[in-house]
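What follows is one structure encoded as structure tokens, with my remarks underneath.
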Amino acid sequence: MRSGRGEFGRAEAPVARRRRVFAVVAGIVVAVCVLGLLPRWWSGRDADAWLRGDPVRVHGLAEELVSFEADDDRRRATGAAGVVDGMWGSSRSPRPPGCR
């Protein structure tokens with residue numbers, strides 16, 4: 001029968017406890033590093049092209065902006081319901097009394 005003691009008669013609980021604490025601390029450190037560094041890396045991977053004013057990048061963004069604005073103008077002119085109609089300050093959303 002085992003009594004929870006190691007080969008030399010010492011209790012194994014403090015070693016297991018230290019190992020568990022180390023694993024938790026290591027997991028927290030890894031999580032903080034991943035959550036702190038990965039989004040920065042992902043966001044900045046093409047930053048040099050934006051800062052240089054790369055025509056392909058700038059033109060693509062400009063096309064997307066013009067397309068969005070044209071669609072927005074069309075929806076406002078025709079009174080078409082938007083995807084988020086009634087949410088986030090839509091002109092037809094009901095407002096609480098006393099709000100402008």
Side-chain angles (χ1 to χ4, degrees):
M1 268 179 62
R2 281 190 78 129
S3 62
R5 297 188 176 267
E7 184 178 349
F8 298 106
R10 296 185 195 143
E12 292 180 4
V15 173
R17 184 174 301 142
R18 268 187 254 140
R19 199 175 286 159
R20 188 176 320 127
V21 168
F22 176 75
V24 169
V25 169
I28 290 171
V29 168
V30 168
V32 167
C33 287
V34 167
L35 293 175
L37 298 176
L38 188 65
R40 290 180 187 186
W41 169 79
W42 186 261
S43 299
R45 67 190 190 285
D46 285 335
D48 57 339
W50 287 105
L51 294 173
R52 272 194 330 264
D54 184 13
V56 174
R57 294 269 181 222
V58 173
H59 187 68
L61 178 62
E63 284 181 349
E64 194 66 33
L65 179 62
V66 168
S67 172
F68 172 79
E69 290 297 331
D71 184 52
D72 188 51
D73 291 344
R74 182 190 57 78
R75 287 178 190 266
R76 288 179 190 227
T78 61
V83 175
V84 291
D85 191 27
M87 298 172 69
W88 298 306
S90 174
S91 60
R92 292 183 284 176
S93 66
R95 297 176 194 261
C99 291
R100 293 184 178 198

Review point. Between Arg45 and Trp42, is there a donor-acceptor pair closer than 3.5 Å when you use the side chain of the first and the backbone of the second?
Key: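 Indeed, once roles are kept as given, a pair shorter than 3.5 Å links the two residues.
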**Study point:** Residues, nucleotides or ligands: over 12 heavy atoms within 6.0 Å of Arg52 CZ
**Key:**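 Buried by this count: over 12 neighbours within 6.0 Å.
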Exercise for review: Following the transitive rule for hydrophobic clusters with a side-chain heavy-atom cut-off under 4.5 Å over Ile, Leu, Val, Met, Phe, Trp and Tyr, establish whether Val24 and Val32 coincide in one cluster.
Suggested key: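 Yes; tracing contacts between hydrophobic side chains, which count when under 4.5 Å, links both residues.
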Exercise for review: Provide the closest heavy-atom pair for Pro39 versus Val34 in the form atom of the first, atom of the second, distance.
Suggested key: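 Residues Pro39 and Val34, closest heavy atoms: CD-O, 3.6 Å.
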Review point. Side chains of Val25 and Phe22: does their closest heavy-atom pair fall under 4.5 Å?
Key: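 Result no, sub-4.5 Å side-chain heavy-atom pair not found.
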Check your understanding: Would you call Asp72 and Arg75 a salt bridge, using N to O less than 4.0 angstrom?
Key ->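 Judged by the 4.0 Å cut-off on N to carboxylate O distance, Asp72 and Arg75 do not form a salt bridge.
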Exercise for review: Kindly compute the distance separating CG (Leu38) from OG (Ser43), expressed to the nearest 0.5 Å.
Suggested key: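 That separation rounds to 9.0 Å.
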Check your understanding: Hey, what do you get for CD (Glu64) to CG (Leu61), rounding to the nearest 0.5 Å?
Key ->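 Nearest 0.5 Å value for the CD-CG distance: 8.0 Å.
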Check your understanding: Pick from Val56, Leu51, Val58: which one makes a side chain to side chain contact (heavy atoms under 4.5 Å, CB included) with Asp54?
Key ->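 So, applying the side chain to side chain contact (heavy atoms under 4.5 Å, CB included) to Asp54 and each of Val56, Leu51, Val58, only Val56 qualifies.
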Exercise for review: Evaluate salt bridge (Lys or Arg N to Asp or Glu O under 4.0 Å) for Arg74 paired with Asp71, printing each intermediate quantity in order.
Suggested key: CA-CA 5 Å; Arg74 182 190 57 78; Asp71 184 52; 2.8 Å; yes
